[in-house]
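Just so it is clear, the model here is predicted, and its values are computed rather than measured.
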Amino acid sequence: MFMGTKMLSRAAAFMVFAGAAALAPAQAQAQAQETVKIGLILPMTGGQASTGKQIDNAVKLYMQQNGDTVAGKKIEIILKDDAAVPDNTKRLAQELIVNDKVNLIAGFGVTPAALAAAPLATQAKIPEIVMAAGTSIITERSPYIVRTSFTLAQSSTIIGDWAVKNGIKKVATLTSDYAPGNDALNFFKEHFVAGGGEIVEEVKVPLANPDFAPFLQRMKDAKPDAMFVFVPAGQGGNFMKQYAERGLDKAGIKVIGPGDVMDDDVLNGMGDAALGTVTAHLYSAAHPSQMNKDFVAAYKKDFGNRPGFMAVSGYDGIHLIYDALKKTNGNTDGDALIAAMKGMKWESPRGPISIDPETRDIIQNIYIRKVEKVDGELYNVEFATFPDVKDAGKTKK
């Protein structure tokens with residue numbers, strides 16, 4: 001009888017153990033479902049590191065201000081550095097999707113990186129939130145891509161129109177030799193030439209570690225009224241240093257272009273050669289809204305410098321994810337999240353923005369700005385607003 005009881009209790013214990021073991025995966029799964037994982041792929045090293053740092057900082061700031069839970073789910077950010085190398089982006093996106101089981105991927109400092117991840121987002125049916133890369137075609141490469149940054153067409157068309165209306169007749173162009181540079185050049189040229197302007201010199205510079213000096217000499221020799229410049233965020237400081245060294249400011253050749261070259265992140269270190277530069281862009285740290293003043297103050301307090309347009313794109317990117325999760329009540333199904341994001345509108349530190357339900361691209365104000373000294377610091381001071389600008393690369397189609 002004693003043996004029987006012992007055996008019985010062993011059997012009962014085994015059954016309890018087996019039951020617990022069976023429950024463990026279910027519990028683990030339930031806990032996993034309580035966390036929304038976001039794979040943030042950014043260039044934290046290399047030539048585009050300032051882009052990665054701004055976006056990473058802005059995501060941290062947003063989560064600090066808004067908490068790390070949405071619709072009952074905990075938000076977990078898994079940051080990976082791709083150094084803006086597309087092969088790295090693809091490998092990291094694959095690892096994040098397969099091994100880390102992320103629900104969304106986000107970031108993407110340059111166009112080739114965003115394009116490298118596109119087929120993986122489609123295959124896994126998870127949203128890819130593009131917070132930086134600016135070539136028009138990106139959102140067409142996957143139905144799961146949504147962009148919160150900009151397209152080069154948005155600002156380049158507007159600065160092209162502005163230039164001809166403001167007495168600039170001859171322009172030399174200097175653009176980085178990759179897809180966004182080509183977009184910037186083509187959209188500017190189309191509008192500037194249609195308005196009666198003339199392109200007197202056209203040069204393309206390497207994307208990685210460019211030495212601008214020999215190209216700047218060609219610009220100077222062409223004697224234009226202005227030079228149209230597109231270099232990616234972070235390269236503007238080096239460009240303006242060489243522009244001043246070559247005496248283009250003294251020769252009266254003004255810089256115009258989309259605002260990337262006058263990124264707030266590096267503007268203050270450019271010196272007086274930058275004064276008077278006119279650019280068209282989506283954001284300035286000097287944007288006069290109260291929301292932006294608060295954003296700039298909070299960013300400066302936490303990170304010691306002012307935010308640029310990449311920071312605001314990252315801030316809006318994480319906001320989009322939070323709001324989509326609120327809308328789906330925490331459902332992380334890719335199709336449900338994309339449906340929630342389409343047509344979403346909100347007030348950003350840059351002004352009113354929305355996601356185009358047709359193209360999943362951003363619709364936003366573009367501002368014409370001039371570099372001026374304010375309280376001893378250089379700022380892009382906005383003086384004209386073009387509201388609700390869609391991507392001209394898609395509206396033409």
Could you tell me which non-hydrogen atom of Ala298 sits nearest to which non-hydrogen atom of Leu61, and how far apart they are? CB-CD1, 4.0 Å

Asp68 side chain to Met63 main-chain N or O, any donor-acceptor pair under 3.5 Å? no

Check Ile199, Val200, Val171 against Pro224 for a side-chain contact (heavy atoms from CB on, under 4.5 Å) and give me the one that passes. Val200

Same cluster (ILVMFWY, side-chain, under 4.5 Å), Leu282 and Leu152: yes

Spacing of Asp361 atom CG and Phe150 atom CZ [to the nearest 0.5 Å]: 10.5 Å

For Thr45 and Asp81, run side-chain hydrogen bond (donor to acceptor under 3.5 Å, both in side chains): C-alpha distance rounded to whole Å, both residues' side-chain angles, the deciding distance at 0.1 Å, then the answer. CA-CA 7 Å; Thr45 53; Asp81 174 19; 2.6 Å; yes

Does Ile318 reach the side chain of Asn66, with side-chain heavy atoms less than 4.5 Å apart? no

Taken to the nearest 0.5 Å, the spacing of Leu174 CG from Met227 CE works out to 5.0 Å

Value for NZ (Lys345) from CG (Asp323), rounded to nearest 0.5 Å, stands at 13.5 Å

Please report the interatomic distance CD(Glu201) to OG1(Thr173), rounded to the nearest 0.5 Å. 8.0 Å

Specify the closest pair of heavy atoms between Tyr299 and Asn305, including all atoms of both residues, with the distance to one decimal. CD2-O, 3.1 Å

Charged N-O contact under 4.0 Å between Asp56 and Lys60: yes

Can you name the nearest heavy-atom pair linking Asn380 to Ser284, along with the distance? O-OG, 2.6 Å

Shortest non-hydrogen contact from Lys73 to Val36? CB-CG2, 3.6 Å

Assess the residue pair Asp161 and Lys165 against the criterion (salt bridge (charged side-chain N to carboxylate O under 4.0 Å, His left out)); give the C-alpha distance rounded to whole Å, side-chain angles, the decisive distance to 0.1 Å, and a yes or no. CA-CA 6 Å; Asp161 292 338; Lys165 283 176 188 156; 5.4 Å; no

Candidate pair Glu245 and Gln242, rule side chain to side chain contact (heavy atoms under 4.5 Å, CB included), full reasoning: CA-CA 5 Å; Glu245 283 168 0; Gln242 296 190 359; 4.1 Å; yes

Between Ile256 and Ile168, does the side chain to side chain contact (heavy atoms under 4.5 Å, CB included) criterion hold? Intermediate values first, please. CA-CA 10 Å; Ile256 59 169; Ile168 294 172; 4.3 Å; yes

Which one of Asp356, Asp391, Ile353, Ile355 satisfies the side-chain contact (heavy atoms from CB on, under 4.5 Å) criterion with Ile363? Asp356

Might you work through the ring-ring contact (aromatic ring centres under 6.0 Å, His included) test for Phe309 and His281, ending with a clear yes or no? CA-CA 9 Å; Phe309 68 100; His281 215 37; 4.4 Å; yes

Please answer whether the main-chain N or O of Thr332 pairs with a side-chain N or O of Asn103 as donor and acceptor at a distance below 3.5 Å. no

Any side-chain donor near an acceptor of the partner, Asn186 and Glu190, under 3.5 Å: no

Okay, side chain of Lys80, backbone of Leu92: is any donor-acceptor separation there less than 3.5 Å? no

More than 12 foreign heavy atoms under 6.0 Å from NZ of Lys37: is that the case here? yes

Strictly distance-based, threshold 3.5 Å: is any side-chain N or O of Lys125 a donor or acceptor partner for the main-chain N or O of Asp335? no

Quick check on the 6.0 Å ring-centre criterion: do His319 and Tyr62 meet it? yes

Which is it for Asp225 and Lys254 under the side chain to side chain contact (heavy atoms under 4.5 Å, CB included) test, yes or no, and what are the steps along the way? CA-CA 7 Å; Asp225 301 324; Lys254 288 289 182 198; over 6 Å; no

Any idea how Phe295 and Tyr315 line up, ring-wise: parallel (<30°), tilted (30 to 60°), or perpendicular (>60°)? tilted

Side-chain donor or acceptor of Ser156 paired with backbone N/O of Ala153 under 3.5 Å: no

Examine distances only and state if a side-chain atom of Asn88 and a backbone atom of Asp82 form a donor-acceptor pair shorter than 3.5 Å. yes

Report yes if some heavy atom in the side chain of Val381 is under 4.5 Å from a heavy atom in the side chain of Val374; otherwise report no. yes

Is there a donor-acceptor pair under 3.5 Å between the side chain of Lys101 and the backbone N or O of Val98? yes

Scan Thr148, Ile41, Leu320, Asp316 and name whichever one has a side-chain contact (heavy atoms from CB on, under 4.5 Å) with Met131. Thr148

Between CG of Asp183 and CZ of Phe188, what distance do you get to the nearest 0.5 Å? 14.5 Å

Assess whether salt bridge (charged side-chain N to carboxylate O under 4.0 Å, His left out) is satisfied between Glu202 and Lys189, documenting all intermediate values. CA-CA 10 Å; Glu202 195 176 296; Lys189 236 161 77 169; 2.9 Å; yes

One pair to check against side chain to side chain contact (heavy atoms under 4.5 Å, CB included): Glu140 and Lys394. What are the steps and the verdict? CA-CA 9 Å; Glu140 295 170 3; Lys394 299 188 190 71; 3.6 Å; yes

Any donor-acceptor pair under 3.5 Å linking the side chain of Gln48 with the backbone of Pro232? no

In short, Thr139 meets Arg360 closest at the heavy-atom pair O-NH1, 3.0 Å

Can you find a side-chain donor-acceptor pair between Ser313 and Ser149 that sits under 3.5 Å? no

Please answer whether the main-chain N or O of Gly160 pairs with a side-chain N or O of His191 as donor and acceptor at a distance below 3.5 Å. no

Side chain Gln54, main chain Gly308, donor-acceptor under 3.5 Å: yes

Side-chain heavy atoms of Met262 within contact of Val371, under 4.5 Å: yes

Tell me, please, whether Tyr379 has Arg306 positioned over its six-membered ring: NZ or CZ under 6.0 Å from the ring centre and within 45 degrees of its axis? yes

Determine, for Glu377 against Lys373, whether the closest basic-nitrogen to carboxylate-oxygen distance falls under 4.0 angstrom. no

Lys241 NZ: over 12 foreign heavy atoms closer than 6.0 Å: no

Does the plane of the ring in Phe212 sit parallel, tilted or perpendicular to the ring in Phe239? Use 30° and 60° as the thresholds. perpendicular

Verify the neighbour count for atom CD of Gln217: are there more than 12 heavy atoms of other residues, nucleotides or ligands below 6.0 Å? yes

Hey, is CG on Asn99 packed in by over 12 heavy atoms from elsewhere, all under 6.0 Å? yes

To the nearest 0.5 Å, what is the distance between OH (Tyr243) and CG (Asn238)? 15.0 Å

Scanning both residues in full, the closest heavy-atom pair of Leu378 with Gly271 reads CD1-O, 3.4 Å

